[in-house]
Amino acid sequence: MNEQKIVRCNNCGKTILCEDDVLLEGALFVEQEWGYFSRKDGECHSFCLCEDCYDTIVRNFAIPVEVEEYL
């Protein structure tokens, strides 16, 4: 039986459907465990961005995202 859960974009709040821990549309999930040399040492932060929010955010990077095509 497939288990569906709702994931929301942390930036805009859009609902992203997730089934069996697989996102069913373009989205980015980030999980960062902060270490010794961080002010956040011992914390784990996670967030999700829908594809539209990702595109908007990376468009403003001073150094562009590296993109490689794969098959």
If you compare all heavy atoms of [X] against all heavy atoms of [Y], which two are closest, and at what distance to 0.1 Å?
| X | Y | answer |
| --- | --- | --- |
| Cys9 | Cys50 | SG-N, 3.3 Å |
| Trp34 | Lys40 | CB-O, 3.2 Å |
| Tyr54 | Leu28 | CD1-CD2, 3.7 Å |
| Cys53 | Asn11 | SG-ND2, 3.2 Å |

Task: Flag side-chain contact, heavy atom, 4.5 Å: Ile6 against Cys18 - done: no

Is the shortest side-chain heavy-atom distance between Arg59 and Thr56 below 4.5 Å? yes

If two hydrophobic side chains count as joined below 4.5 Å and joins carry through other members, does [X] share a cluster with [Y]?
| X | Y | value |
| --- | --- | --- |
| Leu49 | Val67 | yes |
| Val30 | Val65 | yes |
| Val58 | Phe47 | yes |

Glu51 meets the side chain to side chain donor-acceptor pair (under 3.5 Å) criterion, sequence neighbours left out, with none

So salt bridge (charged side-chain N to carboxylate O under 4.0 Å, His left out) across residues 24-37, not counting sequence neighbours, yields Lys14-Glu25

Output for pair (Leu17 CG, Leu24 CG), nearest 0.5 Å, gives 4.5 Å

